Amino acid sequence: MWYFLNVIFNILNKKIYNYFPYPYFVSLIHLVVGVVYCLISWSVGLPKRAPINSNLLKLLFPVALCHALGHVTSNVSFAAVAVSFAHTIKALEPFFNAAATQFVLGQQVPLSLWLSLAPVVIGVSMASLTELSFNWTGFINAMISNISFTYRSIYSKKAMTDMDSTNVYAYISIISLLVCIPPALIFEGPQLMQHGFSDAIAKVGLQKFVTDLFLVGLFYHLYNQLATNTLERVAPLTHAVGNVLKRVFVIGFSIIVFGNRITTQTGIGTCIAIAGVAMYSYIKARIEEEKRKKSA
């Protein structure tokens with residue numbers, strides 16, 4: 001279900017950008033639908049809302065801020081380049097994770113992990129050089145997204161509480177929504193009021209426009225919620241394999257659905273990058289399992 005919802009989200013999201021190129025507003029809608037879903041779920045007790053206080057808010061705010069920045073920049077990238085290429089760039093996230101672990105948290109990263117990241121960097125570089133949809137807006141925003149999600153992981157470790165993952169993600173969504181409202185109004189508000197909404201409605205009709213926005217927001221929230229719930233319940237190695245396969249599914253289906261033309265070099269580079277991510281994820285998961293066994 002996690003894969004299925006993720007693939008549907010990415011395809012529908014890109015289709016919306018093809019007739020409504022306003023990533024800040026669409027990012028906002030993703031969060032609005034998710035927050036409404038959370039509020040309805042809480043109102044019926046599925047799940048029961050966990051209480052929150054000022055101390056928990058202080059812990060969750062940096063996580064939500066990084067989540068909001070990563071979410072918006074991901075969408076700016078998805079709007080600017082092919083979905084397959086955006087996900088290829090986002091394959092660099094483990095590299096930023098390793099760098100932050102060593103240079104920000106001060107934890108030594110084994111040489112084997114650094115070596116496994118070499119194919120990721122080489123593969124993304126190869127794909128970028130000949131990617132037909134390449135532009136700097138898409139590339140830079142995908143890189144900012146990588147950095148944002150890396151810091152989200154760091155702050156998440158500091159914000160670990162007894163609260164269940166469903167409630168944690170709900171609170172993060174609410175805070176992220178509040179953070180995303182000002183930039184959406186500032187960067188896209190005037191254009192939306194002048195011609196953005198009217199152009200989209202003229203192209204696809206009001207009903208399809210509203211339905212697409214609602215569905216893409218629902219799929220966004222559900223795939224993230226299922227990912228959070230799933231990854232909470234599986235072993236590190238399963239988690240690692242799952243994340244790699246998810247990216248393969250999204251890239252593969254996006255190429256099929258949108259018929260994106262890719263050069264041979266881009267295809268080879270993408271495969272090398274994904275293989276590097278798989279190698280890194282496997283080695284990291286094995287190291288974590290060994291640490292757990294020693295501590296046990």
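Owing to the predicted nature of the structure, the values given are computational and were not obtained by experimental measurement.
- For the residue pair K90 / S74, a side-chain donor-acceptor distance below 3.5 Å is found, with atom types taken as modelled.
- Under the 4.5 Å side-chain heavy-atom criterion for grouping Ile, Leu, Val, Met, Phe, Trp and Tyr, F219 is connected to V26 within one hydrophobic cluster.
- Across V120 and A273, no two heavy atoms sit closer than the pair CG2-O, 3.7 Å.
- The hydrophobic cluster containing L111 also includes L115, under a criterion of side-chain heavy atoms closer than 4.5 Å among ILVMFWY residues, counted directly or through chains of members.
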Hey, mind stepping through C38 and H221 against side chain to side chain contact (heavy atoms under 4.5 Å, CB included) and telling me if it holds?
CA-CA 9 Å; C38 291; H221 181 80; 3.3 Å; yes
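- Other residues, nucleotides and ligands contribute more than 12 heavy atoms inside 6.0 Å of the CZ atom of F258.
- With hydrogens and angles left out, the side-chain atoms of E131 and S133 include a donor and acceptor closer than 3.5 Å.
- In the hydrophobic clustering of this structure, L213 groups with V35; members are Ile, Leu, Val, Met, Phe, Trp, Tyr whose side-chain heavy atoms approach within less than 4.5 Å, directly or through other members.
- Although no hydrogens or angles enter the test, the distance criterion places no donor-acceptor pair under 3.5 Å between the side chain of N13 and the main chain of F9.
- Between the side chain of Y22 and the main chain of Y17, no donor-acceptor pair closer than 3.5 Å is present.
- Residues W2 and I8 share a single hydrophobic cluster, defined by chaining ILVMFWY side chains whose heavy atoms lie under 4.5 Å apart.
- Nearest heavy-atom pair, T88 versus A127, reported as atom, atom and distance to 0.1 Å: CG2-CB, 4.0 Å.
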Under 3.5 Å, which donor-acceptor pairs link side chains of residues 39-48 to any protein atom two or more places apart or in another chain?
unit_1, atom_1, unit_2, atom_2, d
S41, OG, Y37, O, 2.9
W42, NE1, N167, OD1, 2.9
S43, OG, I40, O, 2.6

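- With T73 as reference, N141 is the one residue of I147, I140, N141 to meet the side chain to side chain contact (heavy atoms under 4.5 Å, CB included) rule.
- Cluster annotation: L12 and V72 are assigned to distinct hydrophobic clusters (Ile/Leu/Val/Met/Phe/Trp/Tyr, side-chain heavy-atom contacts under 4.5 Å, transitive).
- Residues near L132 contribute nothing to a hydrophobic cluster around it, because no ILVMFWY side-chain heavy atom sits closer than 4.5 Å to its side chain.
- Transitive grouping of hydrophobic side chains (ILVMFWY, heavy atoms separated by less than 4.5 Å) keeps L129 and I262 in distinct clusters.
- Between L218 and L222, the closest side-chain pair of non-hydrogen atoms falls below 4.5 Å.
- With 3.5 Å as the limit, one finds no donor-acceptor pair spanning the side chains of Y19 and D199.
- N146 and T150 get closest at one heavy-atom pair: O-OG1, 2.8 Å.
- Ring centroids of F134 and F139 are separated by less than 6.0 Å, placing the two rings close together.
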Mind running side chain to side chain contact (heavy atoms under 4.5 Å, CB included) on Y169 and N224 for me, showing each step along the way?
CA-CA 8 Å; Y169 186 67; N224 274 289; 3.1 Å; yes
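- Proximity of a side-chain donor or acceptor of N10 to a complementary backbone N or O of V83 within less than 3.5 Å is not detected.
- Under the 3.5 Å distance criterion, the side-chain polar atoms of Q265 are matched with a main-chain donor or acceptor of M126.
- In this pair, F209 and F20 present their aromatic rings perpendicular. The plane angle is above 60°, beyond the 30 to 60° band.
- Under the 3.5 Å distance criterion, the side-chain polar atoms of T211 are matched with a main-chain donor or acceptor of Q207.
- Closest heavy-atom contact between V33 and F214: CG1-O, 3.8 Å.
- A donor-acceptor pair under 3.5 Å links the side-chain atoms of K14 to the main chain of V81, judged by distance alone.
- A donor-acceptor pair under 3.5 Å links the side-chain atoms of S77 to the main chain of G138, judged by distance alone.
- For Y220, the side chain to side chain donor-acceptor pair (under 3.5 Å) partners at least two apart in sequence or on another chain are H67, H71.
- Across every non-hydrogen atom of P51 and L56, the tightest pair is O-CD1, 3.9 Å.
- Of all heavy-atom pairs spanning R247 and I274, the tightest one is CD-CD1, 3.9 Å.
- Applying the salt bridge (charged side-chain N to carboxylate O under 4.0 Å, His left out) rule to pairs touching residues 210-220 yields K208-D212, sequence neighbours excluded.
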Name every donor-acceptor pair, under 3.5 Å, that has one atom in a side chain of residues 176-188 and the other anywhere in the protein, sequence neighbours excluded.
unit_1, atom_1, unit_2, atom_2, d
S176, OG, A64, O, 3.1
S176, OG, I172, O, 2.7
E188, OE1, Y24, N, 3.3
E188, OE1, F25, N, 2.8
E188, OE2, Y24, N, 3.1

